[in-house]
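Structure, as structure tokens:
Below, chain A is the first sequence line, B the second, and so on; all start at residue 1.
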There are 4 protein chains.
Amino acid sequence: MSPEAHKRGRPRCEHTRANILAATEALLDEGGPGAASMDAIAHRAGVSKATVYRWWPSRGWVVLESLVELMERESAFVDTGSLAGDLRSQVRALARILRTSSGSSIAAIIAEMQTDPEIGQAFREAFLARRRRSAKEMLARAEARGELRPGLDPELVLDLLYAPLYLRLLLKHQPIDEAFVEQSLRLVLSGLQPD
Amino acid sequence: MSPEAHKRGRPRCEHTRANILAATEALLDEGGPGAASMDAIAHRAGVSKATVYRWWPSRGWVVLESLVELMERESAFVDTGSLAGDLRSQVRALARILRTSSGSSIAAIIAEMQTDPEIGQAFREAFLARRRRSAKEMLARAEARGELRPGLDPELVLDLLYAPLYLRLLLKHQPIDEAFVEQSLRLVLSGLQPD
Amino acid sequence: MSPEAHKRGRPRCEHTRANILAATEALLDEGGPGAASMDAIAHRAGVSKATVYRWWPSRGWVVLESLVELMERESAFVDTGSLAGDLRSQVRALARILRTSSGSSIAAIIAEMQTDPEIGQAFREAFLARRRRSAKEMLARAEARGELRPGLDPELVLDLLYAPLYLRLLLKHQPIDEAFVEQSLRLVLSGLQPD
Amino acid sequence: MSPEAHKRGRPRCEHTRANILAATEALLDEGGPGAASMDAIAHRAGVSKATVYRWWPSRGWVVLESLVELMERESAFVDTGSLAGDLRSQVRALARILRTSSGSSIAAIIAEMQTDPEIGQAFREAFLARRRRSAKEMLARAEARGELRPGLDPELVLDLLYAPLYLRLLLKHQPIDEAFVEQSLRLVLSGLQPD
DNA sequence: AGCTAAGCGAGACGGTACGTCTCGTCTTGAG
DNA sequence: CTCAAGACGAGACGTACCGTCTCGCTTAGCT
């Protein structure tokens with residue numbers, strides 16, 4: 001982790017790490033969570049399984065990291081000036097991502113969490129917490145400006161905003177289309193107004 | 001399904017079916033989703049694997065059906081007279097269930113859906129659709145009584161109400177406690193009022 | 001077994017017995033021993049498995065009986081007047097049978113014997129002993145006429161004559177062709193002569 | 001097979017191979033062919049089933065190879081100086097083996113051949129052909145020395161010598177005792193003499 | 001320049017679940 | 001009492017994936 005990590009021996013080949021994550025992403029994209037077995041990942045990356053296990057403790061972690069990389073490429077926080085605008089922009093951005101194959105990867109990770117609690121911990125820290133931190137700051141500023149009914153738990157607010165998207169991602173009972181996102185946003189935002 | 005189902009051959013032993021589902025439920029309860037392997041289920045039910053596979057196409061389906069049975073036992077739709085009361089009662093009932101080990105089973109099924117699309121289909125039909133059907137009727141009646149803002153998509157309403165619970169079930173980033181359920185309900189219900 | 005066998009209830013359908021044996025023969029013929037499973041036999045005969053098990057104690061017995069029936073249709077003892085002629089005729093007859101699909105059935109039974117000793121017993125009694133009885137009488141008459149070196153164990157003589165055929169039936173390392181039968185006969189017969 | 005067999009990857013553990021064959025032999029010895037199931041073999045050898053299947057394509061092949069190993073340990077070609085002596089020694093050696101539990105294993109393999117033609121091919125190559133090769137050379141030398149009637153097919157000769165033993169092994173209608181081996185040998189050898 | 005520690009590809013290995021198959025028994029209702 | 005249909009318990013089969021391991025080779029930085 002520290003910058004001067006290794007002292008002796010052959011240094012880690014960064015190329016390999018990238019290959020593995022790319023292979024994982026591709027497999028998830030093509031065949032869903034079931035296709036991204038360790039053997040498949042290693043074979044696709046032209047890498048031995050031992051190498052994968054040298055850097056990640058289990059399958060779930062590889063999938064998780066491939067996801068985190070992907071999300072960092074995709075997501076961007078914008079500042080529109082108003083709470084409603086900021087939240088709308090963020091929720092729409094997430095919806096956009098969930099509609100692509102990255103959505104399947106996120107679904108895959110959430111599935112994996114149900115089996116492996118360590119993955120759960122890692123997902124919450126590396127994925128959720130990071131994204132929520134800035135969102136919470138945004139809410140705090142909005143509350144200070146009087147745009148938000150005071151006393152609301154920010155975790156609750158974020159759950160209300162994001163949960164419907166995740167639910168449709170995971171259950172696939174309805175599409176995550178524009179109309180749904182829009183109506184959902186309107187209803188929740190109306191409940192957040194002061195007075 | 002039809003009352004006059006079989007004509008010839010030895011009729012299916014209902015006892016066996018019940019045993020299998022009971023064994024599945026017990027294993028899920030005791031050891032979580034990982035413990036409910038087909039061998040374990042069959043052994044615990046005093047049944048051969050072939051018998052299990054005669055009636056369910058795969059492990060996931062057995063777990064799903066055991067879950068549906070359980071939900072039918074647990075959940076009861078009550079009529080409180082008002083829309084808010086009815087919804088509150090239902091959401092609380094679901095929260096209560098999700099907090100128990102049945103919650104883990106539901107999470108396990110949702111995880112399984114991500115891999116096996118057939119399970120997904122079955123879950124939506126046997127679990128979701130059934131539960132949502134009566135909820136939608138309730139919403140229709142409330143709209144007719146003028147308790148609900150007209151023109152709302154009932155699927156959207158149900159997603160907003162239930163999704164936060166499922167999100168916390170699956171991500172475990174926060175508990176599904178009373179306060180959360182209460183606040184969440186209040187916020188969403190306030191958005192559903194007419195005017 | 002007795003002619004006036006049944007007194008009460010529905011009488012046994014002889015048709016059924018014949019169907020089962022015919023189905024067995026056909027399956028052995030088409031797919032070898034592996035194809036003649038009990039389910040396959042019953043299904044092909046248009047009969048339930050229980051019916052098969054009512055009349056034969058196990059798979060092997062059905063196969064055995066189908067074979068015995070078949071052999072009774074095929075084999076005929078002829079009297080050529082000389083020992084050499086009689087033996088030659090019999091060995092050739094057996095070779096002819098072993099070359100057809102009945103050979104596979106015999107091979108199938110012999111295979112079955114290795115697992116189920118009761119089948120072995122039955123095979124020896126119903127198949128071998130019956131055939132050997134008349135052969136032994138023939139050898140006794142020949143010995144009395146002075147055509148056969150005295151003091152030979154008839155079992156030994158029959159083994160020497162038939163064993164090479166069975167060996168090639170079972171191991172398939174060489175064909176059971178005319179030349180082989182002829183040379184084999186000549187060599188053994190020369191060893192049986194008196195003086 | 002080649003001395004510089006593997007180049008890459010973890011080399012095969014010879015220990016494992018030996019363990020598996022030993023376990024197979026022991027199980028065959030103790031409980032007969034039925035006891036040597038793949039699960040039993042793997043468990044007894046302290047090995048996973050996957051490992052067994054990595055090196056042998058099916059149950060039959062494992063049994064076959066364990067048998068070949070055993071035969072190679074047991075059988076020794078001796079040179080007695082005369083054809084009669086050599087053949088006698090070999091036939092007696094085979095008789096000795098067939099009387100032990102290895103005989104049952106050989107019988108089991110021959111049974112398995114009737115179902116699985118690949119096993120048949122393997123048996124003929126790995127077991128029969130190997131043993132017959134040296135026997136044929138011996139016959140050729142004897143023919144050159146004038147001890148053997150010229151023009152005899154060596155396959156035929158070997159069939160005549162060995163077949164009676166195999167027949168009694170498989171049919172169990174008579175024991176493979178000393179007297180039988182002796183008389184059988186005398187009769188066949190007398191037929192092989194020149195003139 | 002050599003030494004040595006680590007990275008790496010290949011793939012064997014133990015473990016465990018999967019879903020399929022066949023056997024022989026049992027249970028209906030019709031005939 | 002027989003039969004067709006077919007459910008059932010038992011248990012072997014062969015496959016797949018997991019995570020660990022052991023080889024021999026390669027690639028640095030340290031001495």
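In this structure, C:Ile20 atom CD1 and F:dC3 atom C1' are separated by 10 Å, rounded to whole Å. With rounding to whole Å, B:Glu118 atom CD is found 14 Å from E:dG19 atom C1'. What separates CH2 of B:Trp56 from C1' of E:dC18 is a distance of 17 Å, to the nearest Å. Atom CZ in B:Arg17 sits roughly 12 Å away from atom P in F:dC8 (whole-Å rounding). Rounded to whole angstrom, the span from the NE2 atom of B:His15 across to the P atom of E:dT27 amounts to 13 Å. Put simply, CZ on D:Arg12 is 11 Å from P on E:dG14, counting in whole angstrom units.
In the displayed structure, D:Glu72 atom CD is contacted under 6.0 Å by more than 12 heavy atoms of other residues, nucleotides or ligands.
Comparing C:Gly34 and D:Cys13 by the nucleotide of DNA chain E whose heavy atom lies nearest to each, the residue mapping closer to the 5' end is D:Cys13. Checking A:Ala45 against D:Ser48, the closest nucleotide of DNA chain E that is more toward the 5' end is the one next to A:Ala45.
In this model, the phosphate group of E:dG7 is approached by a side-chain N or O of A:Arg54 to a distance below 4.0 Å at OP1 or OP2. Put simply, C:Thr51 has no side-chain N or O that comes within less than 4.0 Å of OP1 or OP2 on F:dC3. For E:dC8, the OP1/OP2 oxygens have a side-chain nitrogen or oxygen of A:Trp55 closer than 4.0 Å. Within the structure, a side-chain polar atom (N or O) of A:Thr16 is placed less than 4.0 Å from OP1 or OP2 of E:dC8.
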Let's go through C:Lys172 and D:Gln121 carefully: what are the C-alpha distance in whole Å and the side-chain angles of both, what is the deciding distance for side-chain hydrogen bond (donor to acceptor under 3.5 Å, both in side chains) to 0.1 Å, and is it a yes or a no? CA-CA 9 Å; C:Lys172 300 183 181 58; D:Gln121 188 58 27; over 6 Å; no
Might you work through the side-chain hydrogen bond (donor to acceptor under 3.5 Å, both in side chains) test for A:Ser48 and A:Thr51, ending with a clear yes or no? CA-CA 5 Å; A:Ser48 86; A:Thr51 300; 3.3 Å; yes
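Put simply, the side chain of A:Arg124 gets close to the backbone of B:Leu171: a donor and an acceptor are under 3.5 Å apart. Between the side chain of D:Gln114 and the main chain of C:Leu170, a donor-acceptor pair closer than 3.5 Å is present.
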Contact list (N/O, under 3.5 angstrom) for nucleotides 18-22 of chain F vs protein:
from   : atom 1 : to      : atom 2 : distance (Å)
F:dC18 : OP2    : A:Met38 : N      : 2.6
F:dG19 : OP2    : A:Tyr53 : OH     : 2.8
F:dG19 : OP2    : A:Arg59 : N      : 3.4
F:dG19 : O5'    : A:Tyr53 : OH     : 3.3
F:dG19 : N7     : A:Lys49 : NZ     : 3.0
F:dG19 : O6     : A:Lys49 : NZ     : 2.6
F:dC21 : O2     : D:Arg10 : NH1    : 2.9

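Under the ring pair (Phe, Tyr, Trp, His ring centres under 6.0 Å) criterion, B:Phe127 pairs with B:Phe123, sequence neighbours left out. Here C:Asp39 pairs with C:Ser37, C:Lys49 under the side chain to side chain contact (heavy atoms under 4.5 Å, CB included) rule; sequence neighbours left out.
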